Amino acid sequence: MPSRPSLARMPALAICFALAATCPSAAAVGVGSIRANTPGALQSGPEIPFEPLRILADRDRDSERVAARLSSSATNEVSELHSVQQGDPYAAIDACVRAEMRQYGTPGASLAIAVGGRQVYTQTYGVKHSTLGGTINPDTYFRVNSTTKMMTAAAVMHAAERGYLDLNAPITEYLPELELRAPWAASELTLHGLLSSSDGLPGNYVDLDRTPPSRPPDDTSLLDWIPTLGNMHLFAPPGSFFNYSSASFSLAAAALERATGGSYPELVTENLWRPAGMTRMTMDPEVVIADGDYATGHHAGRHWDLHEYQGAFDAPAGGSYGTPSELLKWAGMLAEEGRGVLAPDSVEAMTTAHIPVANVPITNYAGYGYGIFVEDFRRGGSSERVRVLYHPGNGRGFSTELFWVPETGFSVAILANTVAGLNQSALCALREIEGLTRLPVDRSPLTMPELARLTGTYAMVDTWGNDWTARVWQHWDGSLRIVYSDWSILPTVDELVPEAVMSHRYGQRFRYDAYGSDDALFVDAEPGDPHPRWMEHLSVVGQRAGELPAKVELEGGSCTEVALVPDQTGPGSRLQAHGVLPVYSEKGLPARQDEASRPDSSSFKIGFEAEAEVVYLFTYHWSQADDDVDMYLLHDANGDGRFDYPDELVEAKTGPGAQGFFGRTPMPAGAYQLWMHGRQVRGEDSTFDLDLAVAAGDALELRNVPEMLQADVRHEVELCADLLYSEEPQLGLLTLELADGKRVARVPVRVLPNASRPPTTLYLPSLNPGR
């Protein structure tokens, strides 16, 4: 290696600033408050004003007594309807509901129960609106949310019975315009995978072709939504594991519309709801508003109008409105083999567990059918197993719980006007009336070898397409720890998001607090594999890349050995080195109120020029709690020395919680600017902290790399930094591209400055012989 690198191989970056035409002060101040991108927790409110209305039938279904109680249901006096006796299951259920409503601050709820296939009990609680009041009655509309998914699945099955759809055909047979981000192919998706949430598609509705990525407009139709998915990726190959996905049901409904030529809401209404006797169910909020008898949603201290987040493209995953009695009719239809509305074979396909559901933090004994959770409960303390079907619905200020037991004809539906579902109340009904409880979850701690097999480096990707690297390792005390290796490149992130302890919950499921509260489930590809293939969370999935170091440090002008053990063998598995460039980190930068609607009015702009392709860009900022500071990255694509917004916009992060982003690399060489736009700055002395890391150039070199990396084989390669003179540490990256070409794992390389020649005098350490 040459003793003095050429100037051409010096860092390919120049950084400049513009803040009111001058460089900003570098004076450090305290770190601003971190604005977590999570909704505030619901707080328990004051005592709920309950206004009960009961319709009760005895377990023997005495029709005359039922009619008598129905005739007296106009009064709200419980004593006139039902005398609570010791051991009365309905009194116990009422107590469960009231306690859970107090726990979550739920203004109102509505409940209905069927026994032996016949509705025997309804009860309403509280008010429609927390401030305007309004007594809830059994016909009050609530939003049903994700419980709608099974109805979408039933509509697909109804069309499949008539030859319109094939559940195992590529989805592109019905939606040829559907494309996904390379290297994924849309033809890998099938209706079976979509309806069972096993297709690997992220769950949220994100238009990644927009900058910044955002939810599509509410007036987007199902078929118009399909072309917006060209930048969507899969979390994993279809069939790898269950990952709850709302978008999957919209894809299935789009195929339904294309194949039948009908409208999705009309197909569900005319082919399913009305034949099942569900006269009030609807997907049209205008029908609900015109009816006038509806609850208002509540979440995070605000009221949710029925129009909010109501789009045709997302209705198949949660856009219906109804009552508990309507949902009992639905459950009864499925419990009785379709009652002629659906064929028995269709019902069996919907209620068969096609894939295990180990990532739902309530049980590890459930599976997923087509929009339906399938789980074995036990009767009393015996070993008798009873199949229970259910699906909750949570969102937009409402929640739904629907459970039913086909074996006995029992069903319970609870609708509430808060996002927090009354799940424990539904389980209370199962326990009090059917004597059914969940099988106990085995929470036995894992052994040291069982923990050790979960360690390794995982290539992560989230719903938005951001990718980063997580490293799971075993502490000397035996516990698992997780650290986001390439997040630690940024000094402030490294300080505030340190390694986290992974607390065991059950099986291979862990809770950790790296940034917010996350659950991770380690998923094996095949029984007996030496390591899990996936680390899965509902919105983030990591694929194990192997055993890679957490980081590498070396001096400029020197080399070091790097050892790694990849998980995959193949010609596509490549090891590369990139960089170097410096890391920018500054605290106490002044935040200014800019023109809210003009990002180009940003008073703070930081520029950098990369002489080579940018392979990594990560930026993060912390602003004070009351300030909203947006981020815009621009590239001088035409080389005219200007940064034109929006034509030259590369990426943006806006809105509350707009703290940072990963650049969609690789990005071309050239000049860039990062704008910090003070959209809403409330204080004259407001400040923010900013970290920016960019990797480009070829000042890092790999040696002794084999032509093909072998899985489970330790490889020792040499990494050299062809860089001698620098005033500060530089950033580089060692990247392992997995053989399937779908993920990249990164190891940060920190090149320390070595700005002086070796001394000409040899100094030896003094010897201390001791006493």
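All figures in this text were calculated on a predicted structure; none of them were measured in a lab. Numbers for residues simply follow the sequence, beginning at 1.
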request  = Name all residues meeting the salt bridge (charged side-chain N to carboxylate O under 4.0 Å, His left out) criterion together with Arg642; count only those two or more places apart in sequence or in a different chain, and write none if there are none.
outcome  = Asp640, Asp644
message = Minimum heavy-atom separation for Ala695 and Leu733, please, with both atom names.
response = CB-CD1, 4.0 Å
key: Backbone N/O of Ala520 and side chain of His537: donor-acceptor pair under 3.5 Å   = no
message = Test side chain to side chain donor-acceptor pair (under 3.5 Å) on Ser602 and Asp594; report intermediate values, then the result.
response = CA-CA 6 Å; Ser602 302; Asp594 299 316; 4.5 Å; no
inquiry  = Please enumerate all residues that pass salt bridge (charged side-chain N to carboxylate O under 4.0 Å, His left out) together with Glu547, with sequence neighbours excluded.
reply    = Arg544
message = Among residues at least two apart in sequence or on other chains, which ones pass salt bridge (charged side-chain N to carboxylate O under 4.0 Å, His left out) with Asp636?
response = none
query = Does a sphere of radius 6.0 Å around CD in Glu716 hold more than 12 heavy atoms from other residues, nucleotides or ligands, not counting ones at 6.0 Å or beyond?
reply = yes
key: Sidechain-backbone polar pair: Gln673 side chain, His635 backbone, donor-acceptor under 3.5 Å   = no
ask   = Does some side-chain heavy atom of Trp184 sit less than 4.5 Å from a side-chain heavy atom of Glu179?
value = no
Under 3.5 Å donor-acceptor, Arg679 side chain and Ser597 backbone = no
inquiry  = Quick check for you: to the nearest 0.5 Å, what is the distance between Leu633 atom CG and Leu617 atom CG?
reply    = 6.0 Å
message = With rounding to the nearest 0.5 angstrom, report the CD to SG distance, Glu718 to Cys559.
response = 4.5 Å
query = Does the side chain to side chain contact (heavy atoms under 4.5 Å, CB included) test come out yes or no for Glu553 and Leu752, once each step is laid out?
reply = CA-CA 7 Å; Glu553 285 192 353; Leu752 306 177; 4.2 Å; yes
ask   = When you look at Leu690 and Trp622, which way does the side chain to side chain contact (heavy atoms under 4.5 Å, CB included) test go after all the steps?
value = CA-CA 7 Å; Leu690 177 65; Trp622 285 262; over 6 Å; no
ask   = Crowded around Glu648 CD? As in, over 12 foreign heavy atoms under 6.0 Å?
value = yes
query = Less than 6.0 Å separating the ring centroids of Tyr620 and Phe661?
reply = no
key: Sidechain-backbone polar pair: Tyr484 side chain, Glu499 backbone, donor-acceptor under 3.5 Å   = no
ask   = Given Asp740 and Gln543, is the side chain to side chain contact (heavy atoms under 4.5 Å, CB included) satisfied, shown in steps?
value = CA-CA 11 Å; Asp740 57 17; Gln543 181 177 348; 3.5 Å; yes
message = If you count every heavy atom of other residues, nucleotides or ligands that lies below 6.0 Å from Asp685 atom CG, does the total exceed 12?
response = no
task = Would you name the heavy atoms of Tyr512 and Val501 that are closest together and state the gap between them?
result = CB-O, 3.5 Å
inquiry  = Main chain of Val419, side chain of His299: is a donor-acceptor contact present, judged purely on distance under 3.5 Å?
reply    = no
ask   = Yes or no on salt bridge (Lys or Arg N to Asp or Glu O under 4.0 Å) for Lys653 and Glu651, after CA distance, side-chain angles and deciding distance?
value = CA-CA 7 Å; Lys653 191 69 179 289; Glu651 194 156 352; over 6 Å; no
query = Would a 4.5 Å heavy-atom cut-off, applied to side chains only, mark His531 and Leu454 as touching?
reply = no
query = Can you tell me how far the CG atom of Leu709 sits from the CG atom of Asp567, to the nearest 0.5 Å?
reply = 11.5 Å
ask   = Would you say the side chain of Leu731 lies within less than 4.5 Å of the side chain of Val694, judging by non-hydrogen atoms?
value = no
ask   = Can you name the residues that form a side-chain contact (heavy atoms from CB on, under 4.5 Å) with Glu595, not counting sequence neighbours?
value = Arg598, Ser601
task = Sorted by first residue and then second, give each salt bridge (Lys or Arg N to Asp or Glu O under 4.0 Å) pair with at least one member in residues 451-462; sequence neighbours left out.
result = Arg453-Asp524
message = Between His715 (side chain only) and Gln710 (backbone N and O only), is there a donor and an acceptor less than 3.5 Å apart?
response = yes
ask   = With a cut-off of 6.0 Å (strictly less than), are more than 12 heavy atoms of other residues, nucleotides or ligands near CD of Glu561?
value = no
message = Measuring from atom CD of Gln508 to atom CE of Met535, what distance do you get when rounded to the nearest 0.5 angstrom?
response = 12.5 Å
Of Thr469, Asp467, Thr735, the residue whose pairing with Arg746 passes side chain to side chain donor-acceptor pair (under 3.5 Å) = Asp467
ask   = Above 12 or not: heavy atoms from other molecules or residues under 6.0 Å from CZ of Arg481?
value = yes
message = Side chains of Phe510 and Phe522, heavy atoms from C-beta outward: is any pair under 4.5 Å?
response = yes
task = Output, in order, the C-alpha distance, side-chain angles, deciding distance and verdict of side chain to side chain contact (heavy atoms under 4.5 Å, CB included) for Leu702 and Leu734.
result = CA-CA 9 Å; Leu702 275 171; Leu734 187 65; 3.7 Å; yes
query = What pair of heavy atoms forms the shortest contact from Ser585 to Thr492, and how long is it?
reply = OG-OG1, 3.7 Å
message = Students often mix this up, so state it plainly: with edges at 30° and 60°, are the rings of Trp473 and His475 parallel, tilted or perpendicular?
response = tilted
ask   = So which heavy atom on Asp689 is nearest to which on Gly588, and how close?
value = OD1-N, 2.9 Å
query = Can you tell me how far CZ of Arg750 sits from CD of Glu555, rounded to the nearest 0.5 angstrom?
reply = 12.5 Å
request  = May I ask you to decide if Val681's main-chain N or O and Gln593's side chain share a donor-acceptor pair within less than 3.5 Å?
outcome  = yes
query = Is a side-chain donor or acceptor of Tyr632 paired with a backbone partner of Tyr645 at a separation under 3.5 angstrom?
reply = no
query = Does some side-chain heavy atom of Leu589 sit less than 4.5 Å from a side-chain heavy atom of Thr687?
reply = no
message = Ring centres under 6.0 Å, that's the criterion: do Trp534 and Phe241 meet it?
response = yes
task = Verify, without hydrogens or angle tests, whether Thr457 (side chain) and Leu548 (backbone) share a donor-acceptor contact under 3.5 angstrom.
result = yes
message = Return the NZ to CE distance between Lys605 and Met676, rounded to the nearest 0.5 Å.
response = 13.0 Å
request  = Indicate yes or no for a side-chain donor-acceptor contact from Thr619 to the backbone of Asp691 under 3.5 Å, with no hydrogens or angles considered.
outcome  = yes
query = Looking at side-chain heavy atoms only, is the closest gap between Val461 and Phe235 below 4.5 Å?
reply = yes
request  = Verify whether one side chain among Gln474 and Thr455 offers a donor that lies under 3.5 Å from an acceptor in the other.
outcome  = no
ask   = Could you give all pairs that pass the ring-ring contact (aromatic ring centres under 6.0 Å, His included) test and reach residues 673-706, with sequence neighbours left out?
value = Phe604-Phe688
Minimum side-chain heavy-atom gap Val717-Leu575 below 4.5 Å = yes
Geometric class of the Phe662/Trp487 ring pair [parallel <30°, tilted 30-60°, perpendicular >60°] = tilted
message = Within the structure provided, determine whether Val749 and Val580 are in side-chain contact (heavy-atom separation under 4.5 Å).
response = no
task = Please report the closest heavy-atom contact between Met460 and Val540, naming both atoms and the distance.
result = CE-CG1, 3.5 Å
ask   = Any idea which heavy atoms bring Leu234 and Pro202 closest together, and the distance?
value = CA-CD, 4.4 Å
